[in-house]
Each structure stands twice: as structure tokens, then as C-alpha cells.
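Below you'll find the structure, written out as C-alpha cells, and then a few comments.
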Protein chains: 2
Amino acid sequence: MLEKKQNPLFVGTLAKGLRLLRAFDESHVSLSLAELVTLTGLEKSAVQRMAHTLHQEGMLERDPGTRRYRPSHAWLELAYAYYWSDPLISRVLPKLVEFSRVHGETVNLAQISGDHIIYSLRLPNQRTQFAASIVGRRVPALGTASGRVILATWSDDEVAHALETWPIRAATPKTITDRGAIADGIACASQDGYSITQGQMMLNEISLAVPIVGIDGRANAALQVAVSSHSFDIERVREELLPALLDTASGIPG
Amino acid sequence: MLEKKQNPLFVGTLAKGLRLLRAFDESHVSLSLAELVTLTGLEKSAVQRMAHTLHQEGMLERDPGTRRYRPSHAWLELAYAYYWSDPLISRVLPKLVEFSRVHGETVNLAQISGDHIIYSLRLPNQRTQFAASIVGRRVPALGTASGRVILATWSDDEVAHALETWPIRAATPKTITDRGAIADGIACASQDGYSITQGQMMLNEISLAVPIVGIDGRANAALQVAVSSHSFDIERVREELLPALLDTASGIPG
DNA sequence: ATCATAAGTATCAAATAATGATACTGCAAC
DNA sequence: GTTGCAGTATCATTATTTGATACTTATGAT
């Protein structure tokens with residue numbers, strides 16, 4: 001292996017095993033040995049060994065018929081441990097449930113995670129798409145109301161750096177890919193204390209986000225509501241949902 | 001290492017790394033190196049290397065101040081991949097959301113996972129406890145309405161074997177730990193097509209579960225509603241919630 | 001059916017990469 | 001200050017992973 005030399009504490013074998021786990025995503029729900037080989041870039045023999053071990057250890061399910069591997073229930077157990085470990089979760093969850101019940105609209109907790117945001121709590125309603133109903137989804141932060149409203153609480157330097165280097169992915173024809181326009185959006189969010197986007201991740205979707213700020217005024221997370229533009233226009237979102245969402249967020253120590 | 005000889009394909013290093021991940025749970029939300037050593041039973045050096053690697057690979061967060069490790073957002077990403085990979089999830093989710101909206105009570109999808117059930121979808125309401133709101137929780141199957149109603153669709157041999165060998169954990173003073181009584185409960189569930197328990201996992205909780213059966217009549221999952229015994233008695237659960245829950249479950253191909 | 005090709009499985013010699021003992025450093029409590 | 005403990009760094013030893021290859025089983029085309 002002529003890989004880049006790492007710290008001698010780095011255990012390559014473990015890292016390889018993790019690459020198998022990471023190979024699974026929404027477009028790779030089950031993988032054969034051969035597919036794992038191409039996706040991970042590892043040797044066939046290595047994949048064989050890692051897959052065998054992960055299966056033995058209960059991290060991969062295996063269909064005896066097709067011989068394909070799938071994520072096991074253990075992946076949900078890990079999420080369970082995560083939820084207990086992140087102190088923000090237990091503070092946000094009851095407020096989010098309350099908001100969901102009162103307004104009947106989809107609400108999420110979004111946390112910054114590098115240059116993406118990750119949805120860590122989601123309360124879907126009947127109209128919510130599958131992908132928007134399940135936790136753990138990551139999307140480029142600059143393309144979301146949540147990401148922008150979080151950034152809006154950061155220093156100018158950090159915002160400038162993010163605007164230069166963070167990725168943008170056009171998910172709909174209406175996705176704003178111009179970094180100047182995004183900068184304006186963040187500036188507005190900074191002024192207003194909230195951010196509204198339309199059709200950025202999905203067409204016909206209006207998204208409203210407010211930050212969860214700490215005592216220092218800085219946010220690493222946001223509450224976000226998603227509504228259909230068929231039932232709401234931006235003005236109505238601002239009038240009906242914004243005050244309640246701000247109220248909810250302000251009751252949460254960041 | 002004088003461990004039991006495994007298949008030569010078994011990669012011990014990877015298995016050790018996974019043990020670090022598994023060390024985290026609801027009572028171990030963050031762990032120091034020393035704690036990891038005692039919990040995993042591995043050598044200090046090994047834990048040092050594994051933790052370093054997991055941190056490098058983004059699987060463990062590390063507080064620079066306390067030097068303690070915590071689960072990272074990657075653990076939620078794994079859950080995301082799981083959700084896409086399990087075809088039952090997308091079939092159940094919309095029905096569960098609908099049920100939750102109509103009745104306003106906590107509903108769960110419980111799946112059998114060895115001798116435990118695991119809650120893979122949860123829609124909490126305001127009264128729901130934290131532990132009962134987050135997915136990935138595992139509890140001994142025999143102690144739950146869901147577990148019993150699933151078992152009720154299995155063959156007599158399988159049920160007998162489960163009754164003999166599966167674990168039971170007394171979670172409340174009212175938990176039924178007598179295997180004969182549980183056998184009766186399963187027999188009833190088999191007759192009735194549902195199971196109701198009271199105060200098994202938590203005092204003052206009534207739990208109703210119905211199976212999600214496949215074409216062969218066999219179930220690996222159940223829908224479950226939890227209500228407070230302050231607001232409901234068993235009779236009212238049977239009258240108001242049971243028909244709707246049966247209806248919901250029957251619309252889901254197992 | 002038969003064959004051809006691909007996918008999965010098993011084996012093994014070579015040497016890399018993990019091991020674990022130990023020594024070092026820094027922090028915190030006494 | 002001194003002591004004790006947790007975390008970090010180092011290194012010779014060798015157990016473990018490695019990856020090439022051969023074997024077996026599935027798949028699907030003719």
C-alpha cells in the first residue's frame with residue numbers, strides 16, 4: 001500500500017471496514033461483493049474479509065439468496081446512542097413535537113456539520129416526501145434556509161470563507177447557485193433573524209428557518225419548517241409560522 | 001491473542017474498532033480513553049489506536065478540553081442509509097403519519113431483531129418520554145405487546161423456543177416475568193390478532209400492537225400505539241384505537 | 001442442454017501493519 | 001511540591017493482514 005503516510009496510530013484496516021459501511025446510501029440500498037469492490041476501491045480480497053467480518057459482527061445483513069449485503073438494525077442502534085449523546089436533541093424534541101401538533105406542518109432540527117447541514121430530528125406530515133421524513137440526510141448548507149440562518153450568526157470572516165469554499169448543488173431549476181445572491185440571503189437573515197427560501201431543494205416547497213442561538217449569539221443549529229407553495233405563499237408563512245417558530249427557538253438554550 | 005479461532009476471513013482489527021462504537025449507549029453518552037478500555041476490554045494501546053482512527057474517519061467527535069469521545073453525525077447518516085435500505089420503512093411511514101395525525105397518539109413501527117424488538121419509526125406526541133421518542137431503541141421482545149403479537153403469527157415450535165430462551169427484563173413492578181403468563185398472552189394475541197399490555201415497559205402506559213403480516217401470514221413487524229392509562233382504559237383502547245390500527249396495518253404489505 | 005462469463009469463495013506464502021509493553025508528558029488533587 | 005492517574009509517544013516483535021491465484025457456484029446466452 002503506497003498510501004499517504006499517516007500517524008502511526010492510524011489503523012488502516014479499521015478505516016477500510018468503515019468504507020464498506022459508507023458505501024451504502026439512498027442509491028445503494030444493497031450491495032454485492034463486486035459492487036462493494038468498485039464503490040470502495042479496495043481489493044476484492046479485502047472487501048471479502050471486511051464484509052465477512054461486518055456480517056459476523058451484526059453490522060451487515062446478508063440475503064442468502066442474492067448474497068447481497070444490507071445495513072442491519074445495528075445502524076439504528078447507533079442512531080439511538082447518538083441521540084442520547086447530543087444534548088441539543090432532548091432540549092429540542094419536545095418543543096418540536098409541540099410545534100408540529102399545533103401547526104400540522106413539517107418541522108426539522110438542522111445542525112451544521114462541516115459545510116453541510118444534517119437533519120437530526122424530523123416530524124413529517126402527510127404531504128412530506130420520504131427523503132424529507134427520515135433523519136440523517138445531509139445537504140450542502142449554502143443551499144438551505146437552515147444553513148444560511150446559521151451562517152448569519154457567524155463572524156464575517158467565517159461567512160466569507162464559507163461563501164468561497166463551501167459546495168453548492170443545484171437540486172431544482174430554481175436553485176440559486178450564484179454565491180453573491182447567497183451572500184445577500186445571509187445578510188438578510190442576519191438582519192431579520194430568519195431565512196425563507198423557495199424551491200431550493202424541491203420545487204413547490206417553501207422553507208423557513210430560524211437559528212438556535214447560544215449565549216454568545218452564535219448558532220450551530222436551526223429549526224426549519226417546510227410547507228408547500230400550493231397551500232402557502234411567503235407572506236402567509238411570515239405571518240402565521242414565523243412568530244411561532246421564533247418563539248419556539250427562543251425557548252431552547254443553544 | 002488466545003481468542004477462539006475464527007474463520008481466516010475474520011478481521012479482528014475491524015471487530016475491535018466496532019466494539020468502541022458499541023460502547024456508547026444511553027448511559028454512556030461520552031467516553032474517555034480509560035472508560036473505553038474498561039468497557040471494551042481491549043488493551044489501552046489498541047483503544048488508543050482505534051479511537052484515533054475513528055476520530056480521523058469522522059466516526060467519533062472529540063472534545064479537545066475533556067478529551068472525551070462522542071458519537072458523530074455520521075451515526076445519523078448510517079441511520080439514513082438504513083431507512084432507504086429497508087423496504088418496509090417507506091411502506092409504513094405514510095400510514096403511520098396519517099394515524100398519528102388522526103388520533104394524536106404515539107405510534108411506532110417495531111421490528112423483530114433476534115430476541116428483541118427494535119423501534120424503527122416513532123411518531124411521538126407531547127406526552128411521550130424521550131426514550132420512547134427516538135428510534136433505534138431495543139427491548140426484549142417477550143416484554144412488549146409488539147413482540148408478542150409478532151410471535152403470535154409464528155409456528156408453535158418457534159414460539160415454544162422463544163418462550164424458553166428469549167430474555168425478559170423487569171422494567172416496572174408490574175412487568176410480567178412469568179413465562180407461562182406470557183405464553184397465554186401470545187395465545188390470546190394469536191386468537192384476537194392484537195395484543196394489549198399495561199405497565200410493562202413503563203407504569204401508567206397502555207400499549208396496543210397489531211402485526212404486519214405477509215402473504216404467508218407471518219409477521220416480522222408490528223404497529224404499536226402507546227397511551228397513558230390516565231387518559232385511556234383498556235376498553236376504550238379496544239374500541240377507539242384498535243379498529244383504526246388494524247385497518248392501518250392491513251393496508252401494509254408485510 | 002451446453003457453454004461462456006461473471007460472481008463469489010477458499011487458500012497460502014510473504015511481509016506489512018497491528019501489537020502491547022513501556023516510557024514519557026501533562027494535569028489535578030492533595 | 002509531590003503523587004497518581006489519564007493520555008500520548010515509541011519501537012522491536014510477530015501475529016495479521018495482504019493480494020495473487022485457484023476453485024466453485026451462479027447466470028444467461030446460444
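If you're wondering where the values come from, they're calculated on a predicted model, not measured in any experiment. Order of the sequence lines sets the chain letters (A, B, ...), proteins ahead of strands, with each chain counted from 1.
- Between B/Trp166 and B/Trp154, the two ring planes are perpendicular [angle over 60°; tilted spans 30° to 60°].
- Between B/Phe10 atom CZ and D/dA15 atom C1' the separation is 15 Å, expressed in whole Å.
- Checking the phosphate oxygens (OP1, OP2) of C/dG8, a side-chain nitrogen or oxygen of A/Ser32 falls inside 4.0 Å.
- Summarising the local packing, CD of A/Glu26 is surrounded by more than 12 heavy atoms from other residues, nucleotides or ligands at distances under 6.0 Å.
- In this structure, the CG atom of B/Leu14 is 12 Å from the P atom of C/dA18, given to the nearest Å.
- Atom-to-atom, CG of A/Leu9 to P of C/dG20 comes out at 15 Å; the value is rounded to the nearest Å.
- Across C/dA10, D/dT16, D/dG7, the shortest atom-to-atom separation from the side chain of B/Arg67 is found for D/dG7.
- Comparing A/Arg68 and A/Gly12 by the nucleotide of DNA chain C whose heavy atom lies nearest to each, the residue mapping closer to the 5' end is A/Arg68.
- One interatomic measurement links the two molecules: CG of B/Leu36 to C1' of D/dA6, which rounds to 13 Å at whole-angstrom precision.
- The closest side-chain heavy-atom distance from B/Leu142 to B/Leu151 is below 4.5 Å.
- For the segment residues 42-50 of chain B, residues with any heavy atom less than 4.0 angstrom from an atom of DNA chain C are, sorted by number, B/Glu43, B/Ser45, B/Arg49, B/Met50.
- One interatomic measurement links the two molecules: CZ of B/Arg62 to P of D/dA6, which rounds to 16 Å at whole-angstrom precision.
- If you measure from atom NE2 of A/His52 to atom C1' of D/dT17, you get 14 Å, rounded to the nearest angstrom.
- The closest donor-acceptor contact from the side chain of A/Thr128 to the backbone of A/Ser133 lies at 3.5 Å or more, if one exists at all.
- For residues 26-49 of chain A, no residue pair satisfies the ring pair (Phe, Tyr, Trp, His ring centres under 6.0 Å) rule, not counting sequence neighbours.
- A/Asp63 places its CG atom 14 Å from the C1' atom of D/dA26, with the value rounded to the nearest Å.
- Residue B/Thr13 places no side-chain N or O under 4.0 Å from the OP1 or OP2 atom of D/dT16.
- Counting only distance, with no hydrogens or angles, the side chain of B/Ser113 and the backbone of B/His116 share no donor-acceptor pair below 3.5 Å.
- In this structure, B/His55 places its NE2 atom 10 Å from P of D/dT8, rounding to the nearest Å.
- Between B/Tyr69 and B/His55, the ring planes are perpendicular. Angles over 60° get that label, and only those under 30° would be called parallel.
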